Amino acid sequence: MKTSRLPGFYKLPIIERVKVVKDFANLTEEEVSLLLNTGSLPLSLADKMIENVIGVFHLPFAVATNFLINGKDYLVPMVIEEPSVVAAASNAAKMIRSGGGFKASTTPPVMIGQIQLTKVKDIEEAKKQILAEKDKILEIANEKDPILVKLGGGAKDLEVRVIDTFKGPMIIVHLLVDVRDAMGANAVNTMAEAVAPYIEKITGGKVYLRIVSNLAVKRLARAECIVPKEVLGGEEVVEGIMYAYAFAKSDPYRAATHNKGIMNGVIAVALATGNDTRALEAGAHAYASITGRYLPLSTWEVTEKGDLKGFLEMPMAVGIVGGATRSNPLARLAIKILGVKTASELAQVMVSVGLANNLAALKALATEGIQRGHMKLHARNLAIAAGATGELIDLVVERMIKEGEIRLDKAKKILEELKRERKSIA
Ligand code: MEV
């Protein structure tokens, strides 16, 4: 009987773990070598990043072109499995470039650490005590990270909130920590844990959770752009995009997809640079519903001249030091290709890419639809999978699109026909 109950699995050398999985899933030698083909992330390194490692998973690594942000040119590394996203980002960045490029900014890199205080007798009194002891609490927090403090970061302030829950009222202390160039979750969690006993002591309450909030409203990134109407294809396209935006603004079903298009760009850069994609997704969607209604993260308007103006603001908790940004050699390389010097600069690039992907999606949706571009790439992949090489790839693609049938069996059939035609000519 197969069992996934494998005590001590985590302690085995990687190769032994692979043997266990090989037996469990009847893997062939070829399949095992796929797992162990690690490329630029050595197994020994991967094994230190997470637990129970049995291989390294690969995704395409691309660069988006044409990005001009605050007057500086960037080649933007993107890691993603979905066709068209990189092409869309590059195309949109080209249009935005003709309107002067992106203007991007960030707030200081301040993350929130939450400390959940329960079971206090007098909520108002406890609140006062915490605020009165603010300096001491910040001091305890900062003792935990003298290096961050030396770099100009550290715990800077705190806020005290009272929330009503089905377990009664609770005090939620927000520790506001400037994390400089780190993503910051580790620094914040350490500080939140460090101050909890003191908060319990001064209030007589009981602390349960001490953890970073992914709704990073103090760490926002913003990008805006103006796209000349001629570049977009005229007034009609601008109008179509405004209709698309109106739809998203009034319908959460559409807003979710609108925001997904933004995250296509944001997450691809996050993956390339070794950042925590789940933290970004959580922050983005929580921010999208911060008013109580789920809204599009970007806004679009028409300027007096009839051009299109876009704006995107969202939490952007990303780092360029610590975690996988440093341990994964390809993530380090991505940061070098980007040439960003601070986490805030990385956040500015990412919010710009999000806006670019949003523009590309809205333009395609408001005009020819997204399937045409998608299908071309899809058809190309199918042609290659069918065995086409060299110029035959494009010929197979063209014929599949012309005949409106984009499937592997069709690609194979066309390829055979083309080969026969060629033979008969020769
Ligand atoms: C597909 O990955 C993303 C889009 O659906 C985004 C959108 O609809 O705005 C095209």
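Read the numbers this way: they start at 1 and go in the same order the structure lists the ligands and their atoms. What you are looking at is a predicted structure, and each value in this text was computed from that prediction instead of being measured. Position 1 is the first residue of the sequence, and the numbers go up from there.
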Is there a side-chain contact between Trp300 and Leu359, using heavy atoms and a 4.5 Å cut-off?
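They are in side-chain contact.
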Measuring from each atom of ligand 1, which residues have a heavy atom under 4.0 Å away?
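If the criterion is a heavy atom under 4.0 Å, then ligand 1 touches Glu82, Arg254, Thr257, His258, Lys260, Gly261, Asn264, Ala361, Leu365, Ile370.
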Just checking Glu236: does its CD atom have more than 12 heavy atoms from other residues, nucleotides or ligands closer to it than 6.0 angstrom?
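Counting other residues, nucleotides and ligands, CD of Glu236 stays at 12 neighbours or fewer.
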Please work out which of the three classes, parallel, tilted or perpendicular, describes the rings of Phe102 and Phe67, given edges at 30° and 60°.
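Plane angle under 30°, so parallel.
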Would you say the side-chain atoms of His285 and Tyr294 include a donor-acceptor pair closer than 3.5 Å?
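Tyr294 and His285 do have a side-chain donor-acceptor pair below 3.5 Å.
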Can you tell me how far the CE atom of Met49 sits from the CG atom of Leu41, to the nearest 0.5 Å?
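The distance works out to 5.5 Å.
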Partner residues of Glu224 under the salt bridge (charged side-chain N to carboxylate O under 4.0 Å, His left out) criterion, sequence neighbours left out:
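Result, salt bridge (charged side-chain N to carboxylate O under 4.0 Å, His left out) vs Glu224: none returned.
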